[in-house]
Number of protein chains: 2
Amino acid sequence: MALTGACQSRSSEPEQGGGVKLARGGEDRMRREHMFDKVVTPSDVGKLNRLVVPKHFAERHFLPRLPGGGVASARIAGAVLRFEDGRGGGRAWMFRFSYWGSSQSYVMTKGWSAFVRDRCLAAGDTVSFCRAGARLFIDCRRRGGRVPAPAMPVVPAPTSCSEVVGAPRGRCVRLFGVDLQLAGAEPTLDLQLALMR
Amino acid sequence: MALTGACQSRSSEPEQGGGVKLARGGEDRMRREHMFDKVVTPSDVGKLNRLVVPKHFAERHFLPRLPGGGVASARIAGAVLRFEDGRGGGRAWMFRFSYWGSSQSYVMTKGWSAFVRDRCLAAGDTVSFCRAGARLFIDCRRRGGRVPAPAMPVVPAPTSCSEVVGAPRGRCVRLFGVDLQLAGAEPTLDLQLALMR
DNA sequence: GTTACTACCTGAGAT
DNA sequence: AATCTCAGGTAGTAA
């Protein structure tokens, strides 16, 4: 299970959805099921600021979740998908999900580069998408198969990458201890919502 | 007249416009008038997939032909120009015509690379633009001043360059003989129209 | 001036 | 052989 373990079987952790209110014992307790992985390319983590979602994955896992009619273009227009951070901690990521007609490909655009930066995602790493009922999760692991170190309270180091191999991660400090309780207000999520037009 | 002969004075040939219906004896019988030539640069025929149109030529010959208001940017938005193949045979080329503000230059983009490929256009060759009334024509000639061999029925060789020096050209076979009659259906043009959003 | 974001486009490779 | 996919590009715009 090295290929999917980073995202699966962690439903016992306190994954707080932020804006989404769920009845206890409902979807938030469902076991995560793996949707798909992608080994990211240099372009996926580079200046293009987009993740190409392989067509069959997009159409199987994301399209049916979107509101709108049966036509794909109607569903996708302006779609924003919300993914909870697979490591727990209550953080969520909002990505615009689009279809580029010119290349006939599905992409995550706005918001994606923030995830790349925060996780120091590099070409060859794998992003993993899971869901538990209606909740979506995103996680990643290094090319060697290593997963980011589990979140834990650390001394503040508020800038840059939240995963430094063998070292505490910067942003995580905002999510644990006293800050962990404040995470119910989801400052990071609020910022992203404000940016998401 | 070696510099312009490839494009001029061939209005007696059966240039079929494809989708455009014209009254016989109208524009299609007008004598072609030369607009301008350009000796293409390595960039014009390379991976940039664009032809830089010298500003004064673009503003004199193409801008006034476009619909839209008095502002150049309004006229150019989404402009696609259609050029009939100066060699005859009913083929037409569709090029997106754009203004690139960053370099303050006019360019042909989408569709241009297909012409480069088909004619085996190389740096130092000359492209020549003519018109007969509202109809536009494009042709080219080699740097030495040679023009491509006149179109004639040949044995099939359906791939690659339509002009091989001293040899029959590949795609031309589709346009002459029996296929010449089928050219009224304009499969090549249809394909381009379908691709041109 | 820089960075992101939208919406284009194309060649190469897979099928 | 032709089609489809997608990695890697582009320009223009907004912030």
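Since we're looking at a predicted model, the values are computed, not measured. Reminder, nothing fancy here: chain letters follow the sequence lines and each chain counts from 1.
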For B/Trp112 and A/Ser113, take the nucleotide of DNA chain C holding the closest heavy atom to each; which residue's nucleotide lies nearer the 5' end?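 Its nucleotide being nearer the 5' end, the pick is A/Ser113.
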
[X] has an atom [atom1]; how far is it from atom [atom2] of [N], in whole Å?
{"X": "B/Arg96", "N": "D/dT10", "atom1": "CZ", "atom2": "P", "result": "17 Å"}
{"X": "A/Gln104", "N": "C/dA7", "atom1": "CD", "atom2": "C1'", "result": "15 Å"}
{"X": "A/Glu59", "N": "D/dC4", "atom1": "CD", "atom2": "C1'", "result": "12 Å"}
{"X": "A/Leu51", "N": "D/dT5", "atom1": "CG", "atom2": "P", "result": "17 Å"}
{"X": "A/Phe95", "N": "C/dA4", "atom1": "CZ", "atom2": "P", "result": "15 Å"}
{"X": "A/Met108", "N": "C/dC5", "atom1": "CE", "atom2": "P", "result": "14 Å"}

Please check the phosphate of [N] (OP1 and OP2 only) for any side-chain N or O of [X] closer than 4.0 Å.
{"X": "A/Thr41", "N": "D/dG8", "value": "yes"}
{"X": "B/Lys47", "N": "C/dC9", "value": "no"}
{"X": "A/Asn49", "N": "C/dT3", "value": "no"}
{"X": "A/Lys110", "N": "C/dC5", "value": "no"}

Nearest to side-chain heavy atoms of A/Arg117, which nucleotide of D/dC6, C/dT6, C/dA4: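 When the side chain of A/Arg117 is considered, C/dA4 is the closest of D/dC6, C/dT6, C/dA4.
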
Students often mix this up, so state it plainly: with edges at 30° and 60°, are the rings of B/His61 and B/Phe57 parallel, tilted or perpendicular?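 Correct class here is tilted.
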
Does the structure place the NZ or CZ of B/Arg32 under 6.0 Å from the centre of the six-membered ring of B/Phe137, at an angle of no more than 45° from the ring's axis?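 Yes, cation above the ring, under 6.0 Å and within 45°.
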
So what does [X] touch, heavy atoms closer than 4.0 Å: a base, only the sugar-phosphate, or nothing?
{"X": "A/Leu48", "result": "base"}
{"X": "A/Ser102", "result": "base"}
{"X": "A/Tyr99", "result": "nothing"}
{"X": "A/Thr109", "result": "sugar-phosphate"}

Do any N or O atoms from the side chain of B/Lys38 and from the backbone of B/Val52 form a donor-acceptor pair under 3.5 angstrom?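 Side chain of B/Lys38 to backbone of B/Val52: a pair is present.
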
Would you say the side-chain atoms of A/Asn49 pair up with the backbone N or O of A/Lys47, donor to acceptor, closer than 3.5 Å?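 Confirmed, A/Asn49 side chain pairs with A/Lys47 backbone.
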
Test for a donor-acceptor pair under 3.5 Å between the base of D/dG8 and the side chain of A/Arg50, counting only N and O atoms.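 Answer yes: a donor N or O sits under 3.5 Å from an acceptor.
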
Would you call B/Arg87-B/Asp118 a salt bridge at under 4.0 Å N-O?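 Yes, this pair counts.
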
Take A/Ser105 and A/Trp100, find for each the nucleotide of DNA chain D with the closest heavy atom, and name the residue whose nucleotide sits nearer the 5' end.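 Mapping each residue to its closest nucleotide by heavy atoms, the 5'-most match is A/Ser105.
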
